[in-house]
Amino acid sequence: MSLIACFEIIAKALFPNIKKNKHVSSILIPHAGLEYSGLASVIPFLEINTDKYTKVICLCTNHYDNTNIEITSKELLSGDNRKILDREHSYLRMEELVEHFFNKDSNTTQKIIYHLIGDHTSSNALNSVDENTLIIANSDFWHYGDRFSNSQHSSKINSQHDKILKENAIIKSIKESDIDSYNEATRDDKNIKPCGNQVIKLLLKYHSDMNIKGEVCMYHDSVNKFLPSFNILDMMKLDYNGSNHLVSYVSIIFSKYNHVSPLIRRFEQLMLLSRIKSMIEFIVADKSSYTDLIIMPEWCNINSYKNGIFVGIKNTEDNATRASIGYYSTDNFIQKTLAAAKSCVNDAHNRWKKPILISEISPHNKIMYYVNIFEAEDKWKTWHGYQDIAKNAPGKDITKKTYGYKFSYNRNGMNLSSTYLPGVWKEHENRWPTFEKMINDLIYKALSKTSYTDDELKEYKTNGLFKTYKTTYVEEPIITDKSICLR
């Protein structure tokens, strides 16, 4: 099995049930070696209906000079251009991907044209694009380290953090097809320019003219490769060991009808999990003084969330909970999430009596991470007293188990509250054979005691306020069948 085929299988497992997007006009992918950026290169194709397009225009970076070379047939190239092509890795990576996704059928009538772009101002590569044309462009982003003669621009522990800061404005301008902002972001520091700068400028000019926007569907760097660990959060995280060198990779899907698709939403949720993993690993690895380096890119849609969140840790082997901390407030979503992650380390030690050990974090990965993102609070249902919720809450006992429950009581100088997340009742169905038993224990939890009189229970059940809600549950995906990538 080819490495691209392996990554395609894995991408479908990590991003399940992704529908094709008939409006995709172009994609931007990395051009590094497949072992470094192959997954990022393959993920955009999950949304692409390859049968829709009659023409595919491939824009590859010319790393050797500022000439533009059109390749419709290698045999027609001059000797000098043929030599450039044979060593130009941006073309070689592009050809591998296109051969895999578009040339499976020998009877295909699709026209595939490759362009090496050395000077965007003199290129006519995008002069004949129609609605049945797919544009595939490639470029890597920030290169850092001694190999690139710019190690003075960061440090080992700061390099991934600095990469995000340096690329925020660049990636945002590419998403929004804002040529002026892109030029401004890359004007003063030539070291931050993507190596496919000419490709990106050509693509941006076309997108700006056609009012095409984009959304990022993968973002990571070369510090941790996906193989052989098969751990996508390791690939996406900020590593507590730092790195003296890296290359940054981004994949973007563009469309005239731009929206946050399930693929984009899934990617951003995994990005959030990678930051949770980073926070916990920094603390466990005795790097707490560096946790301010753990940030989300500014261009992520998830930054604008107004939701409560619970963060948790489980064992990978038996799924046993090791920590769970959450916040109901709807402000500062990312800061709140990272604060919950930080608190999980203490929660594991103090409440669950099972401290997180350095032998359990990467590269051992004996624990996994999850989040419950609450639906917007204005969608929660409110019930006044037990009789109201018992009679009117969604569904019968079997379907009620999928909801979360919150109890509050504010009378007689008392201010009590407690919650069970969605699925908790289902997990403890032997302990709570009836809805009423679950509600009773929810009240117990608020009181922090194990018994009360019948009159007390009646008071809390009659005058308490109950709310039901749903959450989006996302956990660290674990690939167990690694044989799919044996070559």
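Computed from a prediction, not measured in an experiment: that's the story for all the values here.
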Checklist entry - Can a donor-acceptor pair be found between the side chains of Ser26 and His207 at a distance below 3.5 Å? => result yes
Item to check | Residues forming a side-chain hydrogen bond (donor to acceptor under 3.5 Å, both in side chains) with Arg265, sequence neighbours excluded | outcome: none
Item to check | With sequence neighbours excluded, residues passing side-chain contact (heavy atoms from CB on, under 4.5 Å) with Asp388 | outcome: Trp383, His384, Asn392
Item to check | Pair listing, salt bridge (Lys or Arg N to Asp or Glu O under 4.0 Å) test, anchored in residues 333-353, at least two apart | outcome: Asp347-Arg351
Checklist entry - So which pairs with a foot in residues 294-319 pass ring-ring contact (aromatic ring centres under 6.0 Å, His included), sequence neighbours left out? => result Tyr219-Trp299, Tyr305-Phe333, Phe310-Phe374
Next on the checklist: For Glu375, give me all partners under side-chain contact (heavy atoms from CB on, under 4.5 Å), at least two apart in sequence or on another chain.
Outcome noted: Lys379, Trp380, Tyr469, Lys470
Next on the checklist: For the residue pair Lys166 and Trp142, would you count it as a cation-pi contact if the rule is NZ or CZ under 6.0 angstrom from the ring centre and within 45 degrees of the ring axis?
Outcome noted: yes
Item to check | Listed once per pair and sorted, the side-chain hydrogen bond (donor to acceptor under 3.5 Å, both in side chains) pairs that draw on residues 358-369, sequence neighbours left out | outcome: Asp234-Ser362, Asp234-Asn365, Lys237-Ser362, Lys277-Asn365, Glu281-Ser362, Arg322-Glu360, Ser362-Asn365
Checklist entry - With a 4.5 Å heavy-atom cut-off, do Thr186 and Ile170 have their side chains touching? => result yes
Checklist entry - Do the ring planes of Phe407 and Tyr460 sit parallel (below 30°), tilted (30 to 60°) or perpendicular (above 60°)? => result perpendicular
Checklist entry - Taking the side chain as C-beta and beyond, is there a heavy-atom pair between Ile4 and Leu34 under 4.5 Å? => result yes
Next on the checklist: Can a side-chain donor-acceptor contact be found between Asn440 and Lys461 if the only test is distance below 3.5 angstrom?
Outcome noted: yes
Checklist entry - Taking the inter-plane angle between the rings of Tyr240 and Phe282 on a 0 to 90° scale, is it parallel (under 30°), tilted (30 to 60°) or perpendicular (over 60°)? => result perpendicular
Checklist entry - Under the criterion side chain to side chain contact (heavy atoms under 4.5 Å, CB included), which of His23, Met210, Glu131 is the partner of Lys256? => result Met210
Checklist entry - Under 6.0 Å between the ring centres of Phe101 and Phe45? => result yes
Checklist entry - Side chains of Ser154 and Asp162: do they bring a donor and an acceptor to under 3.5 Å? => result yes
Item to check | Straight-line distance of Thr330 OG1 to Lys306 NZ, nearest 0.5 Å | outcome: 7.0 Å
